Number of protein chains: 2
Amino acid sequence: MRVTIADVAREAGVSKTTVSRVLNDRADVDSVTAARVREVIGALGYVPSSGAVGLARGRSRTVAMLTPPLTWPWMGEVLQGVVDTVEAAGYGLLLYTCNRGAESVAHFTGQVSARAFDGLLVVEPEGTLETITAMYRRGLPVVLVDDRGHHPDFPSVGTTDREGGASAARHLRDSGRGRPLVVAGPTAFGCVRDRLDGFLGVLPTGLIAEGDFSEESGRAAVERALAGGARIDSVFAHNDLMAAGALRALRAAGLRVPEDVAVVGFDDIPTARHTEPPLTTVRQPMRAMGESAARLLLARLAGEDPPAGPLVLPTELVVRGSAP
Amino acid sequence: MRVTIADVAREAGVSKTTVSRVLNDRADVDSVTAARVREVIGALGYVPSSGAVGLARGRSRTVAMLTPPLTWPWMGEVLQGVVDTVEAAGYGLLLYTCNRGAESVAHFTGQVSARAFDGLLVVEPEGTLETITAMYRRGLPVVLVDDRGHHPDFPSVGTTDREGGASAARHLRDSGRGRPLVVAGPTAFGCVRDRLDGFLGVLPTGLIAEGDFSEESGRAAVERALAGGARIDSVFAHNDLMAAGALRALRAAGLRVPEDVAVVGFDDIPTARHTEPPLTTVRQPMRAMGESAARLLLARLAGEDPPAGPLVLPTELVVRGSAP
DNA sequence: CTGAAAGCGCTTACAG
DNA sequence: CTGAAAGCGCTTACAG
C-alpha cells in the first residue's frame with residue numbers, strides 16, 4: 001500500500017542505497033541519476049518513514065517538552081518560541097503536560113512515550129524533578145526553562161528575577177512611594193526569593209504577604225492588609241494575575257489606582273494591558289526564553305558542550321497606568 | 001550502551017518474543033516467567049524504543065496537531081483539551097504551527113516530519129487546506145477544529161456560531177437595545193457568516209463593520225461609526241479582542257459602558273473578565289472542542305467510522321458588566 | 001559513482 | 001506456554 005524506498009528504487013532502476021543518498025543530499029551521486037530519482041520520488045509521492053529513519057540512524061530528530069498547564073497565560077509565548085526554533089532546525093516537537101499530576105508523569109516516563117525523542121525541554125519542573133534527574137543521568141539531554149527554582153545541575157534558561165524586583169522597587173521609590181505591600185509567590189520558589197530580595201534591597205518593608213500566583217490570592221492579600229489597618233501606598237505583586245486581584249480589591253475598598261495606591265505586577269501577560277488601569281509590570285521575555293532553551297538543547301544534540309551557568313535573559317519594566 | 005529487548009531476554013533467560021509478550025500484556029505467558037521478565041526490565045531500566053515499535057507495528061501511536069499561532073488567546077484551552085485526551089489514550093502529540101507561513105507548511109509536509117504520526121488534528125486550516133486535503137486523500141485520518149470555515153469533506157468539531165450570534169442579539173434586545181453596531185470578523189469565514197446571520201435574524205441592523213479579529217480593528221470600527229455620526233446603543237463584536245478595542249474607543253469618546261452603549265464579545269478569553277467593565281460574551285467551549293476533536297481522531301484510529309456531520313458544541317452567553 | 005548486505009530494535013505469524 | 005526467523009523501512013560501512 002504505502003510507498004517505500006524500495007518502490008522508488010525499483011521504479012528509478014537504482015538501489016535503495018542510491019535513493020537513500022539522494023534523500024540525504026550526499027554529494028557523491030551522479031547528477032543525472034539524482035534527478036531521475038527525485039522525479040520518481042515526486043511522482044510516487046514518496047515520504048520516508050520517520051520511524052525507520054530514526055531507528056536506522058539511532059536518533060529521532062524530535063525533542064520533547066514537558067510543561068505546566070498550557071492555560072498558564074504565558075505558556076503560549078514560551079511554546080511558540082520553542083516550536084519556531086525547533087521547526088526551523090528540522091526537528092519535531094512532542095508535547096507533554098503534567099497537569100494530570102502523577103498520572104501524567106507516569107505516562108510520560110512510561111514505555112509508550114519514552115525514547116521517542118532525542119532531548120527534553122522542561123518548564124517549571126516542580127514535581128517531576130526526580131524523574132527528570134534520573135533521565136538526565138542516563139544520558140538524556142535536558143534543558144530547563146526555570147522560573148521557579150534553582151537547579152544548578154541542569155543547563156537552564158532564566159530571567160533576571162532579582163533585577164526585575166529591584167526595578168519595580170526603584171520605579172515605585174522614584175515616584176514617591178514608600179509604603180509598599182509585597183504580594184509574593186510561594187517562597188519555596190527560587191524566583192520568588194530573588195524577586196523579593198531585589199525589591200527589598202531597594203525598598204525595605206515588613207508588609208509581605210504570600211500568595212499562590214492566583215488572582216484570588218492577590219485580592220485576598222490586599223483585603224487582609226487593608227482590614228489589618230495597614231496604610232499602603234503601593235503594591236508589588238509577583239505576577240500579573242495577583243496584581244489584577246490586588247487592583248480589584250483596592251478599587252472595591254474605594255481606593256484610587258494609581259492616585260492612592262500604585263500597583264506593579266510581574267510577567268506582562270496579555271491581560272495586563274486590559275485591566276483598569278492597565279498594569280505596570282516587569283516583563284519576562286517568555287518567547288525569547290523558549291527560543292533560547294530550544295537553541296541550547298539543539299546545540300547540545302549537535303554535540304556542543306552545555307554552557308557553564310544558566311542563561312539569563314533580562315526583564316524589562318513596562319510602565320502603564322497602574323503605576324505611572 | 002542502551003538497553004534493548006535482547007539484553008532483557010538474555011538476562012531473564014528467555015527469548016525476545018517472550019519479553020515482547022510481557023511488554024504487551026499478552027495473556028499467554030506463564031505468570032512466573034512474566035514476573036521474572038518484569039523484574040529484569042525494572043532492574044535494567046529498560047524502555048522500548050518507540051521508533052522500533054512503531055516500525056514493527058506499522059503505526060506510531062502518535063498524533064500530530066497543526067495550529068495557528070499559539071499566542072492566540074484561546075489556543076491554550078484547545079491544546080490542553082487535546083493533550084489531556086491524547087495522553088490518556090497513551091498517544092503522543094506532535095505539535096506544528098503555521099505561523100511561519102509557507103515555510104512551516106513545507107516543513108510540515110516535508111520528509112522529516114511526515115509519516116511520524118497516525119492522524120492529524122488541524123485548527124483553522126486556512127492556507128493549509130490543500131495540503132491537508134491531499135494527505136487526507138492518501139489515507140491520513142484528519143479531524144478539523146474548525147471555527148473559521150465550512151469544510152464538509154472532513155470530520156470536524158465546531159460550535160453553535162449561529163445560535164451564539166442569536167443569543168447575543170436576544171440579550172441586547174431584551175435589555176432594550178435596538179441600535180447595534182456589529183463588528184464582524186472577515187466574512188470569508190464560515191463562522192463569521194453564521195454569527196452574523198444568527199444575530200441579524202433577531203436584531204436586524206445596517207451598521208456592520210468588518211474587522212480582522214484584532215483589538216485595533218475593533219477600536220477603529222467604533223471610531224469610524226462614531227465619526228460617521230451613527231447613534232448606536234450597543235456593539236456586538238465577533239471576538240473578545242475586537243470587543244476590548246470597542247470598549248476603549250467608546251470610553252475614549254466619552255460614552256459610558258454599559259449605560260450609553262452595551263458591548264458583547266465572542267470567545268470568553270481570559271482577558272474578558274479583566275476589561276473595564278468586564279465583558280459580556282458568547283463563550284466558546286474551546287477545551288471541550290479540543291477534547292472532542294481528539295476523541296474523534298482516536299476513534300477513527302481505532303477503526304470506527306467518522307461521524308456523518310460535524311460535531312457541534314454549544315456556546316453559552318456569559319453576562320458581565322459590559323452588557324448586564 | 002554505485003550496490004549487496006548487515007543492522008537498527010521491535011512484532012508477529014508459524015511451529016512446536 | 002515458548003522460541004526461531006522473517007520482516008517493518010530505513011542507513012551505513014564495505015567493496016568494487
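Every value quoted in this text rests on a predicted model; they were computed, and no experiment measured them. Just so it is clear: chains get the letters A, B, ... in the order the sequence lines come, proteins before strands, and each one is counted from 1.
Residues V82(B) and V145(B) form no side-chain contact, since every pair of their non-hydrogen atoms from C-beta on lies 4.5 Å or further apart. The closest side-chain heavy-atom distance from T159(A) to P285(A) is below 4.5 Å. A 4.5 Å side-chain heavy-atom check between V86(A) and L297(A) finds every atom pair outside the cut-off. Taking 4.5 Å as the limit, every side-chain heavy atom of L23(B) sits out of range of all side-chain heavy atoms of V8(B).
Close to dG3(D), at under 4.0 Å from its OP1 or OP2, lies a side-chain N or O of T18(B). When the side-chain nitrogen and oxygen atoms of T17(A) are compared with OP1 and OP2 of dA4(C), none of them lie within a distance under 4.0 Å. R26(B) has a side-chain polar atom (N or O) that falls below the 4.0 Å cut-off from OP1 or OP2 of dT12(C). Contact between the side-chain N/O atoms of S15(A) and the OP1/OP2 oxygens of dG3(C) is found at a separation under 4.0 Å.
Taking the six-membered ring for Trp and thresholds of 30 and 60 degrees, F154(A) and Y136(A) have ring planes inclined between 30 and 60 degrees apart.
In this structure, dA4(D) makes no Watson-Crick or G-U wobble pair, since no nucleotide meets both defining distances under 3.5 angstrom. Under the Watson-Crick or G-U wobble criterion, with both distances below 3.5 Å, dA13(C) is left unpaired in every strand shown.
Of the two residues near DNA chain D, S31(B) and Y46(A), the one whose nearest nucleotide lies more 5' is S31(B). Both A52(B) and V14(B) lie close to DNA chain D; mapped to their nearest nucleotides by heavy-atom distance, the more 5′-ward contact belongs to V14(B).
Regarding R21(A), its CZ atom lies at a distance of 11 Å from the P atom of dA13(D), rounded to whole Å. The interatomic distance linking N24(B) (CG) with dG9(C) (P) rounds to 18 Å, in whole Å. One atom, CZ of R59(B), and another, P of dG7(D), lie 23 Å apart when rounded to the nearest Å. Following rounding to the nearest Å, I41(B) (CD1) and dC10(C) (C1') show an atom-to-atom distance of 13 Å. One interatomic measurement links the two molecules: CZ of R57(A) to P of dA13(D), which rounds to 12 Å at whole-angstrom precision. Taking atom CG of D7(B) as the reference point, atom C1' of dC8(C) lies 13 Å away to the nearest angstrom. For K16(A) and dG7(C), the NZ to P distance is 14 Å, given to the nearest whole Å. Note: CD1 (I5(A)) to C1' (dC8(C)) measures 15 Å, nearest angstrom.
Nucleic acid contact for D30(A): sugar-phosphate only, since backbone atoms but no base atoms lie under 4.0 Å from a heavy atom of the residue.
Nearest nucleotide to the L55(B) side chain, out of dC10(C), dT2(C), dC8(D): dC8(D).
Residue side chain S20(A) does not reach the base of dT12(D) through any donor-acceptor N/O pair under 3.5 Å, judged by distance alone.
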